[in-house]
There are 2 protein chains.
Amino acid sequence: MARKLSTLDPQRLDNQICFAVYSAAHAFNRVYKPLLDRLGLTYPQYLVMLVLWERDDVPVKEIGEKLFLDSGTLTPLLKRLEAAHLVKRTRSREDERQVLIALTTQGHALKEKARSVPQSILAASDCSVSELVTMKDEIVALRDRLNAVIGE
Amino acid sequence: MARKLSTLDPQRLDNQICFAVYSAAHAFNRVYKPLLDRLGLTYPQYLVMLVLWERDDVPVKEIGEKLFLDSGTLTPLLKRLEAAHLVKRTRSREDERQVLIALTTQGHALKEKARSVPQSILAASDCSVSELVTMKDEIVALRDRLNAVIGE
DNA sequence: GACAATTAGATTGCGCGCAATCTAATTAGG
DNA sequence: CCTAATTAGATTGCGCGCAATCTAATTGTC
C-alpha cells in the first residue's frame, strides 16, 4: 500500500477527468484541422454540416440543441457558412421568428468529400471501434449528467 | 440482427467520439463556471493556477507543455492573472529568453478557497470516483495517441 | 382585441486557442 | 570567434463560446 499521496490529491492537475476531457478535445481538434482545412471548414462548422447532412432545412434553434450551442455562437458561424455558399438562411414563413438553414448544392456535395474524415480520425485514435464506442457512450452519459445538473 | 443502419454510419453526429468529447468539455465548463466565478478565474486560468500550486516559479514554456497551450494563448492569459495580482512575471536571469511565473501571496492563498472545487465537480458528475479514474485514464491514453499522431 | 409573457435570433463584449510572424537571447558549427 | 540555426515569448488576426442585452414575432390571459 502507501500509494503516493499525489495520486489521490483531487487538486492535482493529472487527477482531474475534466482536464483529460479538455485536453483530449484540443488533441482531436488538432488532428481534424488538416483534414477539415481541405474542406474549407472549422471543426464547429463541420459539426453544423453533420447536422444538416442528416436533416436539411432546420431552424437555428434545433442545430443549437443538437450541438449545445447558442445563437451567439451560431449566428456568425452560419453567416460564414452562407458566405462560403454552403448553406442558405431564410426566415420561416410559418413562424417569422425562426431562421431555417438549408444546404446549397455545394453544401450537399461536400458530404462526399467529407466521407473519408471519420476513417482518418479512427486511424489516428489507434484503437478498436468497439473500444471507441464504449468510451463514447460513457462520455455521453457523463456529459448528460453534467448538463442535467446545470438545468437545476 | 439488422441493427438500424444509422447506428453504424460513421458520418452521423451521435456516432462520433470526438463530438462526445467536445460536448462533454463544454458541459464541464458550464459546471465549473459558477464555482470559478467566485474565485475570479476562468477555467484555463484555473488550470494554470493548478500547475503553479503544484510547483511555483515555472517558465511559461513548462506551463504550456503541461496544458498543451502555446504562448499565443498563455501570454495574454498570464498578463490577466498578473493584473489580478495572482502571479508575477519575471525574466529569468540565467536565460533571458525565459519568463518565470511565480505566485503572489494572494495566488498562494487562493488555493485554499479553491479546495472545494473538485468535490463539487465530483458531485455534479454523479458517479463513483473509481469509474471516473478509469474513464480519465482511458481518455488520457486516447489523447496521448492523438497527440503522437500530430507529432508525425 | 389588448397587453404581458415567452420565444427565436441578432448583437456586443470578452477570453480563449491557434496559426503566422516577429524579436531577442542562446547554442551550434565552421 | 563569428555567423547560422534554434529557442522562448510576444504580437496580430480570426473563429469560436458564452453572458448579457436587444428586437421582433408569437402565445397566453383576461
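Naming convention: chains lettered A, B, ... in sequence-line order (proteins, then strands); numbering from 1 in each chain. Predicted, not measured: the structure shown is a model, and the values here were computed from it.
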_Between Y22(B) and dG17(D), is there a contact of a side-chain N or O with OP1 or OP2 at under 4.0 Å?_
yes
*Without swapping roles, check the side chain of Q11(A) against the backbone of K111(B) for a donor-acceptor pair under 3.5 Å.*
yes
*Rounded to the nearest Å, what distance is computed from the NZ atom of residue K33(A) to the P atom of nucleotide dA19(C)?*
6 Å
*Protein-nucleotide distance (D70(B), atom CG; dT7(D), atom P), rounded to Å*: 16 Å
*For T75(B) and for D95(A), find the nucleotide of DNA chain D with the closest heavy atom, then tell me which residue's nucleotide is more 5'.*
T75(B)
*Using the closest heavy atom to pick a nucleotide of DNA chain C for each, name whichever of R93(B) or R80(B) lands nearer the 5' end.*
R80(B)
_Centroid separation F28(B) to Y43(B) less than 6.0 Å_ = no
*asked:* Quiz question: going by heavy-atom distance under 3.5 Å, is there a donor-acceptor pair between the base of dA10(D) and the side chain of S71(B)?
replied: yes
*Check whether any side-chain nitrogen or oxygen of R97(B) sits under 4.0 Å from OP1 or OP2 of dT23(C), and answer yes or no.*
no
*Are V87(B) and M49(B) close enough, and set up right, to give a side-chain contact (heavy atoms from CB on, under 4.5 Å), and what steps lead you there?*
CA-CA 9 Å; V87(B) 307; M49(B) 294 304 285; 4.3 Å; yes
_Atom pair distance, as rounded to whole Å: OH in Y32(A) and C1' in dA19(C)_ = 21 Å
*Answer yes when R55(A) and E62(A) have at least one side-chain N-carboxylate O distance shorter than 4.0 Å, and no when they do not.*
yes
*Within the structure shown, what part of the strands sits under 4.0 Å from T42(B) by heavy-atom distance: base, sugar-phosphate, or nothing?*
sugar-phosphate
*Looking at the side chain of T73(A), which of dC18(D), dG17(C), dG9(D) is the nearest nucleotide?*
dC18(D)
*Any ion pair linking E82(B) and K79(B) (charged N to carboxylate O, less than 4.0 Å)?*
no
*Within this structure, what is the OH-to-P distance between Y46(A) and dG15(D), rounded to whole angstrom?*
20 Å
_Side-chain N or O of Q98(A) closer than 4.0 Å to phosphate OP1/OP2 of dT26(D)_ = no
*Within the structure shown, what part of the strands sits under 4.0 Å from L74(A) by heavy-atom distance: base, sugar-phosphate, or nothing?*
nothing
*Assign P76(B) to base, sugar-phosphate, or nothing according to its heavy-atom contacts below 4.0 angstrom with the strands shown.*
nothing
_L77(A) side-chain proximity, nearest of dG9(C), dC16(D), dG9(D)_ = dC16(D)
*For dA19(D), take OP1 and OP2 only and decide whether either is under 4.0 Å from a side-chain N or O of R30(B).*
no
*Using whole Å, report how far CD of E96(A) lies from C1' of dT27(D).*
16 Å
*Starting at atom CD of E94(B), determine the distance to atom P of dA8(D), rounded to an integer number of angstrom.*
14 Å
_Quick check: on DNA chain D, is the nucleotide nearest S92(A) upstream (toward 5') of the one nearest Q45(A), or the reverse? Name the residue that is more 5'._
Q45(A)
*Are OP1 or OP2 of dA8(D) and a side-chain N or O of R89(B) less than 4.0 angstrom apart?*
no
*asked:* Side chain of R91(A) only, heavy atoms from C-beta on: which candidate in dG9(C), dT11(D), dG17(C) is closest?
replied: dG9(C)
*To the nearest angstrom, how far is E82(B) atom CD from dA10(D) atom C1'?*
14 Å
*Atom pair distance, as rounded to whole Å: CG in D37(A) and P in dA20(C)*: 9 Å
*Closest-nucleotide ordering on DNA chain C, the 5'-leading residue of P44(B) and K79(A)*: K79(A)
*Using 30° and 60° as the class limits, which term best fits the ring planes of Y46(A) and W53(A): parallel, tilted or perpendicular?*
perpendicular
_Need one value for E62(A): base, sugar-phosphate or nothing, where a base atom within 4.0 Å counts as base even if backbone is also close, heavy atoms only._
nothing
